[in-house]
Protein chains: 2
Amino acid sequence: MKEGPDISRIAALVGDPARGNMLNALMDGRALTAGELAVEAGITKQTASSHLARLMDGRLIEREIQGRHHYYRLAGREVAALLEALMRVADASGTGRRTRTGPKDAAMRKARICYDHLAGDMGVALFDRMMADGWLMEAGGKLAVSPHGWGKLAVIGLSPASLPKSNRPECRTCLDWSVRRHHLAGSTGKLILDQLLELGWAQRVPATRVIDFSASGEQRFQSLIS
Amino acid sequence: MKEGPDISRIAALVGDPARGNMLNALMDGRALTAGELAVEAGITKQTASSHLARLMDGRLIEREIQGRHHYYRLAGREVAALLEALMRVADASGTGRRTRTGPKDAAMRKARICYDHLAGDMGVALFDRMMADGWLMEAGGKLAVSPHGWGKLAVIGLSPASLPKSNRPECRTCLDWSVRRHHLAGSTGKLILDQLLELGWAQRVPATRVIDFSASGEQRFQSLIS
DNA sequence: TTCATGGTTCGATCCTAATAGAACCATTCA
DNA sequence: TGAATGGTTCTATTAGGATCGAACCATGAA
């Protein structure tokens, strides 16, 4: 009776601290090399290689080989969503025992990248506004940006033509780890974040998932959603 | 460097097959005794007791003691959501290697209980209809049943007075493991499922999470959402 | 070719944690 | 009170897997 449900097979993969660190490092959607991931996890490259092979086997990550560099990335949104769900439970579980919320932690709660879209307080605030003001609409069982919504998004230079041609859902919701409410994911979520960075309203803090808004950028963002 | 992110601490708890089986058994929202969980996991009661202590420590489950019986249940919706997220990834990961979808599996995909609300094809179909036909509305940043929605729900004997007095969110969405789209959770989700069982349109299949609709029950359910 | 760099494979070691036997505690019932 | 049942604690055993040293393979540069 060593079979068990498949959920344990997956959970055990994330359950090792070294692999957890690796997956965490990949949460910003970028692809990292095996060596970088080894450093990230604080282990030697041999050990890292073994872990990466197991993660590949479990289809949690994907590999892209370029020359002698092997780049690894998360296998998809489902995996990112799983990691956020874990953080949410870990956050609830950890309260009361060691809630040492450092300064970087505060920045993470305010605004961060979640796979490829905006999360944290500001991500949730944006989504709230979109829902309350009818930026989104129901179309064929799926959620999409309404004409009114596109009118608003035109302010930051976006139009329906900006959407990539793919079968990826236009709008999705993603449950926020820190705020515990939904924010916007899907291709529109990615589109908006990309544009915020493009406009210089905010920038990524290297080696973290933090999104740092400039003073004027945050001001403009606030006026956009008010 | 044996610290690692907290996500690994939680994932490792689910990562053991015995604990995974236990949590899986608790996914139907009921509370089970330590002995029942031991049988469910195929281990002795001593071992089960040790596992349950660890799950308690990680705040994944809660205990309620009644006489000599110790009842365990999932600690909350977040935990149930985590397990569904795991199933979703496990499902995607497992395809291609052993997709032995048995008959019970088909029933699970059609209709099942997810913590305390309806999931599967029928749960998603209900939620789609609710969204498309304006059964829900935005109120103070939260989702709630609209007057029109209550009119529809009156058909199965529900009214706003049916809602329990609690601070639990009235409506929430839960990402469906099998269909990979949202279905309705929250107190309204529980309310509806309870009523469907009460009316005899469907019943639970013992020892599983399957919800079995009667022929006439399914027919009436379909006419409700069409 | 030769050397340096980035990754993987192999083998040996070591440590954690899952497991069950035995004993113990608490509650219910006769 | 004593017997039966449900759970927990303690202990020793055992197995799986995380780890790294060493060797090996592939790519790119000199």
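In what follows, every chain begins at residue 1, and chains take the letters A, B, ... in the order their sequences are listed.
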Practice prompt. Determine, step by step, whether Thr47(B) and Ser50(B) satisfy the side chain to side chain donor-acceptor pair (under 3.5 Å) criterion, reporting the C-alpha distance in whole Å, the side-chain angles of both residues, the deciding distance to 0.1 Å, and the verdict.
Written response: CA-CA 5 Å; Thr47(B) 308; Ser50(B) 144; over 6 Å; no
Worksheet item: Step by step, would you call Arg9(B) with Asp57(B) a salt bridge (Lys or Arg N to Asp or Glu O under 4.0 Å)?
Response: CA-CA 11 Å; Arg9(B) 209 191 74 230; Asp57(B) 191 55; over 6 Å; no
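In this structure the side chain of Leu37(B) reaches within 4.5 angstrom of the side chain of Tyr72(B), judged on heavy atoms. In this structure, the side chains of Asn24(A) and Met87(A) come closer than 4.5 Å at one or more pairs of heavy atoms.
Residues passing the side chain to side chain contact (heavy atoms under 4.5 Å, CB included) test with Ser214(A) are Ser216(A), sequence neighbours excluded. Partners of Glu64(B) by salt bridge (Lys or Arg N to Asp or Glu O under 4.0 Å), not counting sequence neighbours, listed by chain and number: Arg73(B).
Per the geometry, CD belonging to Glu36(A) stands 16 Å off P belonging to dT5(C), to the nearest Å. dG16(D) atom P lies 17 Å from atom CG of Asp16(A), rounded to whole Å. The distance from atom NZ of Lys45(A) to atom P of dA23(D) is 13 Å, rounded to the nearest whole Å. For Ile43(A) and dT8(C), the CD1 to P distance is 12 Å, given to the nearest whole Å. Distance, Arg54(B) CZ to dT19(C) P: 11 Å, rounded to whole Å. What separates CG of Asn21(A) from C1' of dT19(D) is a distance of 15 Å, to the nearest Å. If you take CD1 of Ile65(A) and P of dG7(C), they are 10 Å apart, rounded to a whole angstrom. In this structure, the CD1 atom of Ile61(B) is 13 Å from the P atom of dG7(D), given to the nearest Å.
Taking 4.0 angstrom as the limit, Tyr71(B) places none of its side-chain polar atoms (N or O) nearer than this to OP1 or OP2 of dG6(D). Considering only side-chain N and O atoms, Tyr72(A) lies nowhere under 4.0 angstrom from the phosphate OP1 or OP2 of dG6(C). The phosphate of dA18(C) has OP1 or OP2 within less than 4.0 Å of a side-chain N or O from Arg19(B). The shortest distance between the side-chain N/O atoms of His70(A) and the OP1/OP2 oxygens of dT8(C) is below 4.0 Å. OP1 or OP2 of dG7(D) has at least one side-chain nitrogen or oxygen of Thr33(B) nearer than 4.0 Å. Using a 4.0 Å cut-off, some side-chain N or O of His51(B) falls inside it from OP1 or OP2 of dT19(C).
Judged by atom type and distance alone, Gln46(B) does not reach the base of dG7(D) through any side-chain donor-acceptor pair under 3.5 Å. Between the side chain of Thr47(A) and the base of dA18(D), no donor-acceptor pair of N or O atoms lies under 3.5 Å.
Set against dT8(D), dA18(D), dT19(D), the side chain of Arg63(B) has dT8(D) as its closest nucleotide. Between dT19(D), dT19(C), dA18(C), one nucleotide has an atom nearer to the side chain of Ala18(B) than all others, and that is dT19(C).
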Between the protein and nucleotides 26-30 of chain D, which nitrogen or oxygen pairs come in under 3.5 angstrom?
from: dT27(D); atom 1: O2; to: Arg68(A); atom 2: NH1; distance (Å): 3.3

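With hydrogens and angles ignored, the 3.5 Å screen pairs a side-chain donor or acceptor of Glu36(B) with a backbone N or O of Thr33(B). Checked by atom type and distance alone, the side chain of Arg19(B) never pairs as donor or acceptor with a backbone atom of Ser8(A) at under 3.5 Å.
When each of His69(A) and Ala53(A) is assigned the nucleotide of DNA chain C bearing its nearest heavy atom, the one mapping closer to the 5' terminus is His69(A).
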